[in-house]
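Worksheet: one structure, shown below.
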Amino acid sequence: MPAPLKPAARPAALLLSLALLLALALPVCSLAGLTPAASAAAATPRFEKATCWFRMPRDREMACGYLVVPENRAKDNGREIRLAVVIFEPDKVRHEPLVYLTGGPGQPIYFETSADIDSWWSFIDGEPWLRGRRVVLLDQRGVGLSEPLLDCPGIYDPGTWNGVVATPELKPDLTAGQQQALLRCRDRLLAAGVDLTAYNSKENAADVADLRVALDIPEWVVYGISYGTRLGLELLRDHPEGIKAAVLDSVLPLEVDFIGESAATFEGAMERLYADCRADAGCKQAFGDLKPLVAETVRRL
């Protein structure tokens, strides 16, 4: 996974976006504060260039702006939303552009600050196959700097989400606590006019396809990690036009129920690790049977 990504930086946003993207099917409301699409022309996806919100690096060419798309493409006269975009321009164009799809679902791209941008440039400069390409970064709908933001500040607490308690005797009801927190978040977003039914992988993929057209890019390379690989697969299936190649790192197949199968998948991975350690002389000598060691470590923590 590239260095610029910070998967643990915003646990509340990631958990809530994950649940909201995949679990909630809710009534539709108007989107207060965002632009209604007054006509078919107004609803046409477009890129609106903007002044970059970070200090521009010296001797670097970059562009910033927002992709304006319908919130819900199933509606003829729905609202528009704005997705934040940053484009890293090479010194000399030698290859097709590349669009980067981040994970989560619900993980921001992290291009808010000058430090974020410097980290991305270091990543691009350090990968020979990225040099000579325009690298396009997009904050997916509902996260990061995109508008609206499907976040509920203050809803995260360690007891509800991680089972972190003062003493081992306390047994929090994580399921009930998380459900109540998500319902409060849902109600807050609905009251703000957010159409939660429109925040899903199908609309995400359509956003990426619209971005290529809005930027007037004939062909580009799609690069996705983690959930971004599922988004890339959705893109290949529904919008293959203009995709020269796809790089899918840590693939999440379309047929996998990520939420329903994640616990069993994790348990299976740990059992494989224990078996591999038992079969490896060095690991076995250093740790013995790894399974009870892990269990004891978890208990102590």
Side-chain angles (χ1 to χ4, degrees), residues 1-7 45-69 83-104 107-140 144-146 204-252:
M1 184 179 292
L5 297 180
K6 308 166 188 174
R46 61 196 182 276
F47 179 71
E48 295 181 350
K49 194 168 182 179
T51 301
C52 289
W53 43 85
F54 47 81
R55 175 183 51 80
M56 293 286 289
R58 184 177 300 178
D59 301 325
R60 298 284 197 179
E61 291 294 326
M62 302 187 66
C64 303
Y66 293 88
L67 175 69
V68 183
V69 294
L83 310 183
V85 177
V86 173
I87 304 170
F88 294 71
E89 301 285 359
D91 293 335
K92 182 180 179 181
V93 176
R94 293 184 290 271
H95 309 290
E96 300 88 355
L98 176 141
V99 61
Y100 184 94
L101 308 178
T102 191
Q107 186 176 50
I109 203 75
Y110 295 112
F111 50 24
E112 297 183 18
T113 68
S114 297
D116 293 334
I117 298 304
D118 290 343
S119 185
W120 276 108
W121 273 120
S122 296
F123 170 58
I124 295 170
D125 291 341
E127 296 288 341
W129 69 283
L130 290 180
R131 298 174 199 160
R133 298 184 189 274
R134 299 175 72 196
V135 176
V136 181
L137 304 184
L138 167 72
D139 252 341
Q140 297 168 27
L145 298 180
S146 293
N204 263 357
D207 293 339
V208 179
D210 284 341
L211 178 59
R212 182 187 64 81
V213 175
L215 293 177
D216 196 24
I217 294 175
E219 289 186 318
W220 64 5
V221 174
V222 174
Y223 179 21
I225 65 150
S226 194
Y227 164 75
T229 66
R230 169 167 284 193
L231 182 54
L233 290 170
E234 188 97 28
L235 193 64
L236 287 166
R237 183 179 65 184
D238 294 349
H239 308 279
E241 305 84 9
I243 299 178
K244 180 73 171 181
V247 180
L248 305 179
D249 181 356
S250 305
V251 178
L252 179 60

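The model shown is predicted, which means the values in this text are computed figures rather than measured ones.
Screening Leu101, Asp249, Val247, Leu231 for a side chain to side chain contact (heavy atoms under 4.5 Å, CB included) involving Ile225 leaves a single residue, Asp249.
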Full working for side-chain contact (heavy atoms from CB on, under 4.5 Å) between Gln140 and Leu83: CA-CA 6 Å; Gln140 297 168 27; Leu83 310 183; over 6 Å; no

Given Leu233 and Val251, is the side-chain contact (heavy atoms from CB on, under 4.5 Å) satisfied, shown in steps? CA-CA 9 Å; Leu233 290 170; Val251 178; 4.2 Å; yes

Are Phe47 and Asp210 close enough, and set up right, to give a side-chain contact (heavy atoms from CB on, under 4.5 Å), and what steps lead you there? CA-CA 9 Å; Phe47 179 71; Asp210 284 341; over 6 Å; no

Quick one, Ile117 with Phe88, criterion side-chain contact (heavy atoms from CB on, under 4.5 Å). Give me CA distance, side-chain angles, the key distance, then yes/no. CA-CA 9 Å; Ile117 298 304; Phe88 294 71; 4.0 Å; yes

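Residues Tyr227 and Asn204 bring a donor and an acceptor atom of their side chains to less than 3.5 Å of each other. Ser119 and Asp116 share no side-chain donor-acceptor pair at under 3.5 Å.
Between atom CE of residue Met56 and atom SG of residue Cys64 there is a gap of 6.5 Å, rounded to the nearest 0.5 Å. One finds the CD1 atom of Ile243 at 4.0 Å from the CG atom of Leu235 (value rounded to the nearest 0.5 Å). Separation of atoms CD (Glu61) and CD (Glu89) is listed at 7.5 Å; rounding is to 0.5 Å. Remark: Arg133 CZ to Glu96 CD distance equals 5.5 Å, nearest 0.5 Å.
Ring centroid separation for the pair Phe111 and Trp120 does not come in under the 6.0 Å cut-off. Checked against a 6.0 Å centroid threshold, the rings of Trp121 and Phe54 do not count as neighbours.
Of the possible polar contacts, one joining the Arg212 side chain to the Pro218 backbone as a donor-acceptor pair under 3.5 Å is found. Between the side chain of Asp139 and the backbone N or O of Ile109 there is at least one donor-acceptor pair closer than 3.5 Å. Panel note: side chain Thr229, backbone Gly224; no donor-acceptor pair is recorded below 3.5 Å.
Residue Val85 comes nearest to Leu67 through the heavy atom pair CG2-N, 4.1 Å, listed as atom of the first residue, atom of the second, then distance. The shortest heavy-atom contact between Ala84 and Ser146 is N-OG, 3.1 Å. When all heavy atoms of Asp118 and Arg55 are compared, the closest pair comes out as OD2-NH2, 4.4 Å. Summarising the geometry of Pro90 relative to Val93, their closest heavy-atom pair is CG-CG2, 3.8 Å, with the distance given to 0.1 Å. Scanning both residues, Ser226 and Leu252, for their nearest heavy atoms gives O-CB, 4.0 Å.
Annotation: Glu241, atom CD; neighbour count of heavy atoms from other residues, nucleotides and ligands within 6.0 Å is above 12.
The shortest side-chain heavy-atom distance between Tyr110 and Leu145 does not fall under the 4.5 Å cut-off. In this structure, Pro97 and Val221 have side chains that are not in contact, with every pair of non-hydrogen atoms separated by 4.5 Å or more. A 4.5 Å side-chain heavy-atom check between Val69 and Arg46 finds every atom pair outside the cut-off. Residues Val86 and Met62 meet the side-chain proximity criterion, which asks for heavy atoms closer than 4.5 Å. A heavy-atom distance below 4.5 Å is found between the side chains of Leu130 and Phe123.
The pair Asp125-Arg60 counts as a salt bridge, with a side-chain nitrogen and a carboxylate oxygen less than 4.0 angstrom apart.
Taking the six-membered ring where tryptophan is involved, the planes of Trp53 and Tyr66 are tilted, since the angle between them lies from 30° to 60°.
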